Amino acid sequence: MVMLTLTALLVVPGLIVGLAARLPLRLAVGTSIPVSAGIVTIATYAYGRTGVPWSLGAYAVATAVTAVIVGLVGLLISGTLWIRRRRRGRVGDTPRARRSWWWLLPAASIPVSAWLIGQMILTELSATPGGTANVFQGWDAHWHANYIRFIHDTGLASPDQAGELRYPENGATLYYPSTWHAIAALVMGLRGIGAVETYNLVQIGAMALAFPLGVAALAWLITHRRFSRPAAATSAAVAAMATPLFPGLPFVEVMVAATPSGVANGLAGLVAAVVVAALADRRLVPAAALGLVGVGGIHPSAMVTAAVFVLFWWLFEGLWRPVRGRLRDFVVLAGIGLAGVLTLLPQVLTVSEDADEISAFEFEINADRAAVWGRAVALQVRHVQDWGVRWVLLALAVVGVIVMLRRLVLWPLLLWGGVLVVCVNSMSTFGNWTGGALRGIGSIYYNDPRRIGVLLAVLVAAAVGVGVGVSVQALAGWTARLIDPITDPRGTGAAGLRVAVALGALVATGSWVIQASPEYAAAAGANQRAGRMVDGHDLRAFEWLSGQPQAYSGLIYTNPDEGSGWMYATDGLPSTARHYLQSGSTAPLTDSLLRSMDRAGTDPRVDAALDELGVTYVYISPPNYWGFQKPNESLLRLDQTPGLVKVYSDSQVRIFAVRAAFTEAELERILADSPFPPERRTPLTRATALYGRE
């Protein structure tokens, strides 16, 4: 039911807006997900400015307003076109396009591929401790799950007010794209599940939908002008079905919790296809603009990805074979791009302010230049290399390259070459000025070869679809020319043969997925699920703490390096750390206590900081997340700190009450209620008696 709820929230609003734009039902459905994201992106920002809380009702109102505006724009466009045709004496003589049902092929393969991806990962996740509510032990999931909880609890989903969550000390300014989290928060409320389970399920569902959609749309964009409808439809359908064969597309992104980035860049191919299609059908202009805003609102890099796809198409295809004329095509493309940039201008400015910090990420590897080129070509980037080279997929992609070269479809190949160079530079920076320039481009993707490798994998997956789709349809055509003169002089048997080879290609690809992809799904669903940062000791400590006096009236101090800030996502406990990253100078009091907590009760400055922050408890649970993070001695020697009282000690978990925040009677009650009071028992004996063996 969670997946159905998520799908409805992603599809229905965009569908309504598409129908208001007078799109055919199939196009309204096909463009609905990025359009829905665009509605959420604009609405959350507007509601944040006006103080309106984010909710299902607010989403419905935003959808209705958008539908009205788009409907009026659609009427204006239709009216303008009607007046032009009338002046030219062509009203009523527009030829009716011959109906084709080939679109049903990708329309069926996309949900099947999404179902396979989702079901395989869910099977693995369900087998982990806690099942679908298992706490992910990796990096970004900590923040994402907390953000979902924050939006659900407060209704504040404006991306430029994310500092209210990130920096509880002062709510310092922070712009963080919130579109995906806002949709997930609605799922959490509608299904009545926790933030951790919501994160897990919505992550899987969104990834499973985004990648087959984006890859199929990109394959269509490559083929629709130079190949027949059967070839274009088969290429798109095979590309969607082949998506799970690439570990770097849905599975690794789930495994490393790069959720907004993965979802947005997965959808970038679809947005690019809609933008290009708007040149021929102006009714798609609102969908293209909203879709561009939508993927940018999920993650800024995806807006750049979609723009680069369109730019390469226009430079190496559209300029030489314009749809409605070079100038008219340029005006439409520029108008759509301008609408997206202006709508997301605050985000664009914020990203530019953080450019130095983003470009500082380093992912270089120790390998010679030739080896780096080989790794990039073979898609052997971080994490993906764990499964080795997928030689058969690369061979099928080469067939696609040959097909494109034969029809002089060059823009995807040039685009692949450009992305490849950026990927190589991220692993081994070029020594001259080009290295710095390429790092500037790669900083959009944190100069992370894994993130850049997603774009390479999307292009290669589309090439696989093109290679298989065009080849099997060419085979069907050749066979029909040989057989039809004998069996069917009218040539009608070719249509049936084309359908048969398309279905055969899809069944074969689907069978391949069922055999090969569970290996990738096992990593996506089960890796980093073994209690490395938050285990059973932590979870029951969170639960106990949630029932103690003043647990929610102030802040609970946690070391961000240890990941115990998960207590906010699991139990709503107001931890000082909502991310593994430290707050630094942005939250100076919080940062200073990392190095001085052991002086509580003896240093007036420490006591003043605790009082100003309203800290009531201190929660310690080593080890740290990264290996390079040194143990924090200040936080590990609190037992004799005069200003703190140890009230809970179980395995690695230590909880201290801030003495000044409680009366002596309250402290006595807390200690009496503690299942693991350190002064009365050995932790292992008491834990075994209450909860069974550790």
Side-chain angles (χ1 to χ4, degrees), residues 105-106 109-110 112-114 116-117 120-121 208 211-212 214-216 218-219 222-223 227 231 234-253 255 266 269 371 373-406 409 412-413 416-417 419-420 423 449-450 453-476 500-524:
L105 208 59
S109 66
I110 289 168
V112 170
S113 180
L116 286 172
I117 293 170
M120 285 187 290
I121 301 176
F211 279 107
V215 172
L218 188 59
I222 293 170
T223 56
F227 298 91
T234 307
S235 297
V238 172
M241 192 64 73
T243 299
L245 294 171
F246 290 82
L249 293 182
F251 302 108
V252 166
E253 295 302 281
M255 184 183 76
W373 279 99
R375 289 190 185 190
V377 170
L379 304 178
Q380 296 299 285
V381 294
R382 289 194 319 129
H383 302 299
V384 179
Q385 64 189 14
D386 295 345
W387 290 281
V389 181
R390 308 287 90 180
W391 292 108
V392 177
L393 282 174
L394 294 180
L396 292 174
V398 170
V399 175
V401 170
I402 294 171
V403 167
M404 286 184 263
L405 287 173
R406 188 171 179 272
V409 184
L413 309 180
W416 174 82
V419 177
L420 181 72
C423 185
R450 194 209 79 248
V454 168
L455 307 189
L456 287 174
V458 165
L459 289 164
V460 173
V464 168
V466 172
V468 174
V470 173
S471 297
V472 298
Q473 289 300 335
L475 179 62
V501 296
L503 292 176
L506 289 175
V507 170
T509 307
S511 300
W512 188 6
V513 167
I514 292 171
Q515 294 176 14
S517 300
E519 180 183 359
Y520 318 143

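Source: prediction; values computed, not measured. Positions are given from 1, in the same order as the sequence printed here.
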Residue pairs passing the side chain to side chain donor-acceptor pair (under 3.5 Å) test with at least one member in residues 463-473, sequence neighbours excluded, are T234-Q473, Q473-R498
Is the backbone of S109 close enough, under 3.5 Å, to the side chain of S113 for a donor and an acceptor to pair up by distance?
no
Grab the two heavy atoms, one from A521 and one from I121, that are nearest each other, plus how far apart they are.
CB-N, 3.9 Å
Using atom types as modelled, flag every donor-acceptor pair under 3.5 Å from a side chain in residues 383-397 to any protein atom, sequence neighbours excluded.
from : atom 1 : to   : atom 2 : distance (Å)
R390 : NH1    : Y520 : OH     : 2.9
R390 : NH2    : W387 : O      : 2.5

Check whether any side-chain heavy atom of V454 lies under 4.5 Å from a side-chain heavy atom of E253, and answer yes or no.
yes
Within the structure provided, determine whether I514 and L116 are in side-chain contact (heavy-atom separation under 4.5 Å).
yes
For M255 and A523, work out which heavy atoms get closest and say how close.
CG-O, 3.5 Å
Side chains of residues 238-251: which donor-acceptor partners sit under 3.5 Å, not counting sequence neighbours?
from : atom 1 : to   : atom 2 : distance (Å)
T243 : OG1    : A239 : O      : 2.9
T243 : OG1    : A240 : O      : 3.2

Summary of salt bridge (Lys or Arg N to Asp or Glu O under 4.0 Å) pairs that have at least one residue in residues 500-512, sequence neighbours excluded
none
Might you point out which heavy atoms bring V466 and A219 nearest each other, and give the distance in Å?
CG2-O, 4.3 Å
Please report the shortest heavy-atom distance between A376 and C423, naming the atom on each side.
CB-SG, 4.3 Å
So do L506 and L105 actually touch side chain to side chain, heavy atoms under 4.5 Å?
yes
Hey, mind stepping through V252 and R450 against side chain to side chain contact (heavy atoms under 4.5 Å, CB included) and telling me if it holds?
CA-CA 9 Å; V252 166; R450 194 209 79 248; 3.6 Å; yes
Pairs involving residues 502-518, ordered by first then second residue, that meet side chain to side chain donor-acceptor pair (under 3.5 Å) (sequence neighbours left out):
none
All heavy atoms of A114 vs all of A208, minimum pair found to be CB-O, 3.2 Å
If I take atom CH2 from residue W416 and atom CG from residue L455, how far apart are they, to the nearest 0.5 angstrom?
13.5 Å
Do F227 and I222 have side chains that get closer than 4.5 Å, going by heavy atoms?
no
Do the non-hydrogen side-chain atoms of V399 and V468 ever get within less than 4.5 Å of each other?
no
Using the salt bridge (Lys or Arg N to Asp or Glu O under 4.0 Å) criterion, which residues pair with R382? Sequence neighbours excluded.
D448
Restricting to non-hydrogen atoms, name the atom on L379 and the atom on A457 that form the minimum distance, rounded to 0.1 Å.
CD2-N, 4.0 Å
Heavy-atom side-chain proximity of V513 to M120 below 4.5 angstrom
yes
